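First up is the structure itself, then whatever we jot down about it.
From a predicted model like this one, the values you see are computed outputs, not experimental measurements.
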2 protein chains.
Amino acid sequence: MKIGELAKESGLSVHTLRYYEKQDLLLATARSESNYRLYDQQALGTARFIRRSREIGFSLEEVAVFLSIRADKPAHVCAEAKTLAENKIVDVEQKISELKQVLSALHKLSDACCGGNESAEHCSIIDALEQSDQEAS
Amino acid sequence: MKIGELAKESGLSVHTLRYYEKQDLLLATARSESNYRLYDQQALGTARFIRRSREIGFSLEEVAVFLSIRADKPAHVCAEAKTLAENKIVDVEQKISELKQVLSALHKLSDACCGGNESAEHCSIIDALEQSDQEAS
DNA sequence: CTTGACCCTAGAGTCTACTCTAAGGTTTAA
DNA sequence: TTAAACCTTAGAGTAGACTCTAGGGTCAAG
């Protein structure tokens with residue numbers, strides 16, 4: 001299959017597939033006489049594997065680790081994959097908690113503001129951003 | 001006050017302050033004979049205003065809108081500020097919900113994996129990433 | 001034989017918000 | 001007077017993951 005079909009089947013763009021090749025994540029199975037990239041079913045599996053890993057939030061660097069485990073499973077142990085997943089969980093939890101703080105600050109801003117067509121002379125949003133220090137805990 | 005002191009007082013770096021000037025967010029009040037940027041208390045207020053807005057998660061583009069409201073309050077209405085805050089709330093809620101889905105997918109991966117020093121031959125993380133379609137709802 | 005849909009490469013551009021560098025000039029304190 | 005600690009500019013670099021462009025070749029249908 002050529003790159004266009006692989007793109008369709010995998011849900012990745014042609015550009016992205018070529019980019020992944022440059023990053024050594026997904027090499028073409030072969031080249032046609034006219035130098036077109038050719039892929040087999042295994043390559044399609046890998047493309048989908050990468051897409052799923054990305055959707056779950058892994059970076060390309062992390063995906064590369066998964067791919068190397070996947071490529072030679074007997075040479076690796078479960079702990080390697082699990083560590084990656086656990087670290088990612090910590091990252092994501094951290095991000096969520098940061099965003100929740102941001103959200104609470106935003107709600108405070110928004111709730112205090114009348115939001116009407118009154119002049120912003122005494123807009124509580126602007127005023128709140130003016131305050132010297134406000135900790136939201 | 002010179003840029004170094006403004007940096008210290010505002011909690012922004014000298015580089016960042018100059019960057020904000022380039023972005024027309026915070027102009028120097030004046031220049032000394034030797035062409036040093038000079039700032040007054042009002043500029044310090046603006047610097048802090050920007051920092052607080054950024055901490056709450058507004059982009060520089062959004063901060064620019066706040067600054068223009070702040071600069072001429074009578075010419076603006078509360079609705080403008082509130083709209084910005086509400087849109088940001090929607091964005092942040094969206095991001096949080098995406099991250100929660102990611103987190104749940106990660107937990108599924110991680111929980112299924114023994115994580116031990118066994119060969120990754122049957123690692124359930126790698127296997128799960130291999131699956132063709134798994135919707136987490 | 002031409003049109004359109006493919007494919008190729010190298011390399012540049014995008015996004016946001018900085019962050020840093022090079023190569024200088026100024027001020028201050030000892 | 002000299003060294004440290006400031007300040008200036010224009011412009012490049014950083015992160016991550018694409019995304020696109022220019023300028024060209026290839027292939028199948030009508």
Side-chain angles (χ1 to χ4, degrees), chain A residues 1-39 43 46-47 49-67 84 87-88 91-92 95 98-99 102, chain B residues 1-39 43 46-47 49-67 84 87-88 91-92 95 98-99 102:
Chain A
M1 116 182 63
K2 284 182 289 181
I3 198 167
E5 200 185 337
L6 181 65
K8 212 174 290 176
E9 293 294 321
S10 66
L12 296 165
S13 80
V14 169
H15 283 303
T16 298
L17 289 168
R18 282 197 281 248
Y19 172 73
Y20 286 171
E21 181 175 288
K22 224 182 276 176
Q23 306 303 308
D24 269 330
L25 291 172
L26 175 58
L27 304 174
T29 310
R31 290 285 184 138
S32 75
E33 283 184 12
S34 49
N35 202 32
Y36 288 10
R37 289 173 181 82
L38 298 175
Y39 301 89
T46 304
F49 184 96
I50 296 174
R51 185 170 64 79
R52 250 165 269 127
S53 304
R54 293 282 302 123
E55 282 168 2
I56 291 179
F58 291 103
S59 67
L60 291 184
E61 202 177 338
E62 290 160 336
V63 173
V65 177
F66 281 134
L67 286 174
L84 232 49
N87 288 344
K88 184 57 66 176
D91 288 356
V92 173
K95 252 179 230 152
E98 282 168 15
L99 285 178
V102 162
Chain B
M1 118 181 63
K2 283 181 291 181
I3 199 168
E5 201 186 336
L6 181 66
K8 214 174 285 174
E9 293 295 320
S10 67
L12 297 165
S13 80
V14 168
H15 281 305
T16 298
L17 288 168
R18 282 197 280 249
Y19 173 72
Y20 285 172
E21 181 175 288
K22 223 182 277 177
Q23 305 303 308
D24 269 332
L25 291 172
L26 175 57
L27 303 175
T29 309
R31 289 286 183 139
S32 75
E33 283 184 12
S34 49
N35 202 31
Y36 286 11
R37 289 173 181 83
L38 299 176
Y39 301 90
T46 304
F49 184 96
I50 297 174
R51 185 170 63 79
R52 250 164 270 127
S53 305
R54 292 284 301 124
E55 282 168 3
I56 291 179
F58 291 103
S59 68
L60 291 185
E61 202 178 339
E62 290 159 336
V63 172
V65 177
F66 281 133
L67 285 175
L84 231 49
N87 287 345
K88 182 58 67 174
D91 287 358
V92 173
K95 253 179 227 151
E98 280 169 15
L99 284 179
V102 162

What is the 5' to 3' range of DNA chain D, first to last nucleotide, that sits under 4.0 Å from any heavy atom of chain B? D:dC6 to D:dG11
How many whole angstroms separate atom CD of B:E61 from atom C1' of C:dC18? 16 Å
Do you know which two heavy atoms are closest between A:F49 and A:L67, and how far apart they sit? CD2-CD2, 3.6 Å
With a 4.5 Å heavy-atom cut-off, do A:M1 and A:L38 have their side chains touching? no
What is the distance from NZ of A:K8 to C1' of C:dC7, rounded to the nearest Å? 14 Å
Between A:E62 and A:G57, the two heavy atoms sitting closest are OE1-O, 4.3 Å
How close do A:L26 and A:I50 get, counting heavy atoms only, and between which atoms? CB-CD1, 4.1 Å
Of A:Y39 and B:K2, whose nearest nucleotide on DNA chain C comes first from the 5' end? A:Y39
Taking CZ from B:R54 and P from C:dT16, how many angstroms apart are they, rounded to a whole number? 11 Å
Numerically ordered, the residues 14-25 of chain B set in heavy-atom contact under 4.0 Å with DNA chain C is B:H15, B:T16, B:Y19, B:Y20
Where along residues 26-37 of chain A does a heavy atom come under 4.0 Å from DNA chain D, residue by residue in number order? A:S34, A:Y36
Considering all heavy atoms of both residues, which atom of B:Y36 and which atom of B:K2 are nearest to each other, and what is their separation? CD2-CD, 3.5 Å
Are any non-hydrogen side-chain atoms of A:Q23 and A:Y19 less than 4.5 angstrom apart? yes
Can you list, pair by pair, the side-chain donor-acceptor contacts under 3.5 Å of residues 3-10 of chain B, counting residues two or more places apart and other chains?
| residue | atom | partner | partner atom | Å |
| --- | --- | --- | --- | --- |
| B:S10 | OG | B:L6 | O | 2.7 |
| B:S10 | OG | B:A7 | O | 3.4 |
| B:S10 | OG | B:L12 | N | 3.2 |

Listed by chain and number, what are the ring-ring contact (aromatic ring centres under 6.0 Å, His included) partners of B:F58, not counting sequence neighbours? B:F66
Could you check whether any side-chain heavy atom of A:K88 comes within less than 4.5 Å of a side-chain heavy atom of A:L84, counting everything from C-beta outward? no
Pairing residues for B:E55 by the salt bridge (Lys or Arg N to Asp or Glu O under 4.0 Å) criterion, not counting sequence neighbours: B:R51
